[in-house]
There are 2 protein chains.
Amino acid sequence: MNDFTSPQTFPVKHIAESTVRRLSLYLRFLEEFEAKGHETISSGELAAFGGTTSAQVRKDLSFFGSFGKRGLGYSVKDLTAAIREILGLEHPWSVIIVGAGKIGAALAQYRGFSSRGFTVVGVYDKEPARVGLKLDGLVVRPESELERDIHRLKPQIAVITVPAEAAQALVDRVTAAGIKAVLNFAPAPLTVPDGVTLRAVNMATELEILAFTLTNGTTV
Amino acid sequence: MNDFTSPQTFPVKHIAESTVRRLSLYLRFLEEFEAKGHETISSGELAAFGGTTSAQVRKDLSFFGSFGKRGLGYSVKDLTAAIREILGLEHPWSVIIVGAGKIGAALAQYRGFSSRGFTVVGVYDKEPARVGLKLDGLVVRPESELERDIHRLKPQIAVITVPAEAAQALVDRVTAAGIKAVLNFAPAPLTVPDGVTLRAVNMATELEILAFTLTNGTTV
DNA sequence: GGGGGCTTGTGAAATCATTCACAAGCTACA
DNA sequence: TGTAGCTTGTGAATGATTTCACAAGCCCCC
Ligand SMILES: NC(=O)c1ccc[n+]([C@@H]2O[C@H](COP(=O)([O-])OP(=O)(O)OC[C@H]3O[C@@H](n4cnc5c(N)ncnc54)[C@H](O)[C@@H]3O)[C@@H](O)[C@H]2O)c1
Ligand SMILES: NC(=O)c1ccc[n+]([C@@H]2O[C@H](COP(=O)([O-])OP(=O)(O)OC[C@H]3O[C@@H](n4cnc5c(N)ncnc54)[C@H](O)[C@@H]3O)[C@@H](O)[C@H]2O)c1
C-alpha cells in the first residue's frame with residue numbers, strides 16, 4: 001500500500017487508454033457528488049454511474065495508489081483531488097484552435113473546456129472574412145500569426161478543425177512551433193513527429209458504429 | 001473460405017468495437033484509393049494508412065468472410081462495397097438532431113455525414129428564438145413536434161446536443177417514440193431502454209487523455 | 001475490547017484482442 | 001506445365017484487460 005501524502009508524480013508503467021478514459025468519467029461523477037454534498041462514495045456507487053463494475057473502479061485506481069478506506073469507501077474530496085492530479089489537471093492547459101469554421105467556433109465557445117482547466121488562448125483562420133470575428137471574448141486571428149503566437153503564449157495543445165486537405169500542413173506547422181499534443185477533428189489520417197501526442201475524434205465513425213449495431217443486431 | 005456472392009447479412013458472433021472502428025477507417029482509405037484510380041490494395045498498404053498492421057487488417061476482415069485474392073490483394077471496388085455492407089451503409093439512415101445550439105447547428109450542417117449516407121431529417125430546439133432558423137436547407141423545428149415527426153419520418157438515429165440537464169428527458173422521449181440509436185454529446189451519463197444503442201462523444205475526456213499523456217510522459 | 005458488517009486493494013483466473021507464422025492460392029512468365 | 005514471387009486467411013501464441021474472489025482493514029455498536 002502506497003502512502004500518497006505529498007504532491008508528486010505517480011509511478012507509471014503503462015496505463016491503458018480505457019483506464020484513463022474511465023478516470024475522466026469518475027471525475028465527472030465525483031464532481032456531481034461533491035456538489036450534492038456527499039462526503040464519501042464507494043467503488044460500487046461510482047461504478048453504477050459509469051456503467052462499469054466496482055472491481056474495475058478499484059483496479060483502475062490501484063494503478064496509481066490507494067485512495068480509499070476499507071469499510072468506508074473514498075472521500076469524495078480526496079479522490080477528486082487525486083484523480084485531477086493523476087490526469088494532470090492540477091494546473092491549467094493552454095489550447096489553440098486552428099480553423100474558426102462551424103465546429104471550431106463551437107469548440108472555442110464551449111464552456112465545458114474552460115470549466116475543466118483548458119483555456120483557449122487563440123483561434124485561427126485563413127479567411128479574411130473570419131479573421132476579427134469575436135467568439136465569446138476571443139478574437140479570431142490570422143493563421144499567419146500561428147508561429148509567433150505559439151512562441152509567445154506557449155500553448156501545449158492544438159485542436160485541428162480545418163478541412164481534411166489542410167490538416168496535415170497545419171499540424172506540421174504547429175508541431176514545428178512547439179505544440180506537444182494535437183486533437184484532430186478532420187477526417188484525415190495525420191502524422192506527427194516523435195514526442196507529440198495525437199488523438200482523433202471522428203464523428204462519422206461514431207455514426208457508422210451505430211449503423212453497424214443497428215444492422216447486425218448484436219451489441220458490438 | 002466463404003462465398004459472398006449475394007447481398008446478405010453477415011454471420012456475426014461478437015465483433016469488437018475496435019474492429020468496427022477500424023473498418024470505418026479502412027473504408028475512408030479505400031474511397032481515397034478508389035478516387036485515385038487504384039484497382040487493388042494489399043492488407044499492408046491499408047494498414048500503413050491506418051497505423052495498424054497487415055495481420056490486423058486481415059483478421060478484421062476475416063470475421064466477416066474472405067474478400068481478397070491471394071498473391072494479389074483486394075479489389076478496391078469490391079472491398080469498398082463489402083465494408084459498406086458490413087457496416088450497414090448500403091441504405092441511408094435518417095438522423096434527427098435534438099438541440100440546435102452551437103454544436104447541434106455545426107453537426108446539422110456537416111457534410112461529412114450526408115456524404116456517408118446519414119441524412120439529417122430534423123433539427124429541434126425549445127427556444128422560440130431558434131425555431132425557424134435555417135441551417136443549410138433544414139429549418140429548426142419546435143421540440144414539441146419531436147414525437148409527431150419521429151412517427152412520421154421514422155428516423156433511426158438521434159443525436160443529442162442539448163445541455164446535460166435536459167439530455168435524459170429528451171432521450172426518454174425519443175426512444176419512447178421509436179428511436180433505436182442515440183449519439184450523445186452532452187456530458188451526462190444516460191440510460192436507454194433495452195434494445196436501444198447508446199454511444200457518447202465526450203470532448204472534454206479527449207482533452208483530458210491528452211493532458212494525462214503530457215503529464216505522465218508515457219504513451220497511454 | 002471484541003464481533004459484525006462493510007468496503008478496499010490485489011494477486012490469480014478468465015476473457016478478450018492482437019500478433020505471429022505459415023500453408024494455401026493466385027499471377028506471371030518461361 | 002512448372003516454378004518463383006507475392007499475398008491472403010487463419011489457427012496458435014502472445015499480450016492486454018477485465019473479472020473474480022478473498023484477506024486485510026475500518027467503523028460502529030454492544
Ligand atoms: N461541422 C461539423 O459538425 C464537423 C464534425 C466533425 C468533423 N468536422 C471536421 O472539422 C473540420 C471543419 O469542419 P467545419 O464544418 O467547421 O468546416 P468549415 O468550412 O465551417 O470550417 C473550416 C474552417 O477552416 C478554415 N481554414 C481552411 N484552411 C485553413 C488554413 N490553412 N488555416 C486556417 N484556417 C483554415 C476555413 O476558412 C474555415 O473557416 C473539417 O475537417 C470537418 O470534416 C466537422
Ligand atoms: N459547443 C461545443 O463545442 C460542445 C462540445 C462538446 C459537447 N457539447 C455539449 O453539447 C451540448 C450543447 O452544447 P452547445 O455548446 O451547443 O450549447 P448551446 O447552449 O449552444 O445549445 C444547446 C441548445 O439546446 C437547446 N435546448 C435546451 N433544452 C432543450 C429541450 N428540452 N429541447 C430542445 N432543445 C433544448 C437550447 O435552446 C440550445 O439552443 C451540451 O451538453 C454541451 O456540453 C458542446
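Letters A, B, ... mirror the listed sequences (proteins, then strands); counts begin at 1.
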* Structure fact -> B:V121 meets the side chain to side chain contact (heavy atoms under 4.5 Å, CB included) criterion, sequence neighbours left out, with B:S94, B:I96, B:T119, B:L153, B:P155
* Results of side chain to side chain contact (heavy atoms under 4.5 Å, CB included) for B:A166 - residues two or more places apart only -> B:V162, B:L170
* **side-chain hydrogen bond (donor to acceptor under 3.5 Å, both in side chains) involving B:E147 - partner list, sequence neighbours excluded** => B:R173
I'd like a list of close polar pairs between nucleotides 26-30 of chain D and the protein, N/O only, cut-off under 3.5 Å.
| unit_1 | atom_1 | unit_2 | atom_2 | d |
| --- | --- | --- | --- | --- |
| D:dC26 | O4' | A:R70 | O | 3.1 |

* Return the set of residues passing salt bridge (Lys or Arg N to Asp or Glu O under 4.0 Å) with B:R21 (not counting sequence neighbours), or none when no residue passes. => A:E206, B:E17
* Between A:Y74 and C:dC6, does any side-chain N or O lie under 4.0 Å from OP1 or OP2? -> no
* Taking side chain as C-beta onward, heavy atoms only, is A:V182 less than 4.5 Å from A:T197? -> no
* Structure fact -> With sequence neighbours left out, the residues meeting salt bridge (Lys or Arg N to Asp or Glu O under 4.0 Å) with A:D149 are A:R141, A:R152
* Asked: Residues in salt bridge (Lys or Arg N to Asp or Glu O under 4.0 Å) with B:R116, at least two apart?
  -> A:E208, B:E31
* To do: For DNA chain D, determine which residues of residues 30-47 of chain B have any heavy atom closer than 4.0 angstrom to one of its atoms, and list them numerically.
  => B:S42, B:S43
* Asked: What ring-ring contact (aromatic ring centres under 6.0 Å, His included) pairs are there with at least one residue in residues 40-61 of chain B, not counting sequence neighbours?
  -> B:F29-B:F49, B:F33-B:F49
* Structure fact -> Hits for side-chain hydrogen bond (donor to acceptor under 3.5 Å, both in side chains) against B:N184, two or more places apart or cross-chain, chain-then-number order -> none
* Asked: Can you list the residues that meet the side chain to side chain contact (heavy atoms under 4.5 Å, CB included) rule with B:A48, with sequence neighbours excluded?
  -> none
Atom pairs, protein N/O to nucleotides 17-20 of chain C N/O, distance under 3.5 Å:
| unit_1 | atom_1 | unit_2 | atom_2 | d |
| --- | --- | --- | --- | --- |
| C:dT18 | OP1 | B:R22 | NH1 | 3.0 |
| C:dT18 | OP2 | B:R22 | NH2 | 3.0 |
| C:dT18 | O5' | B:Q56 | OE1 | 3.4 |

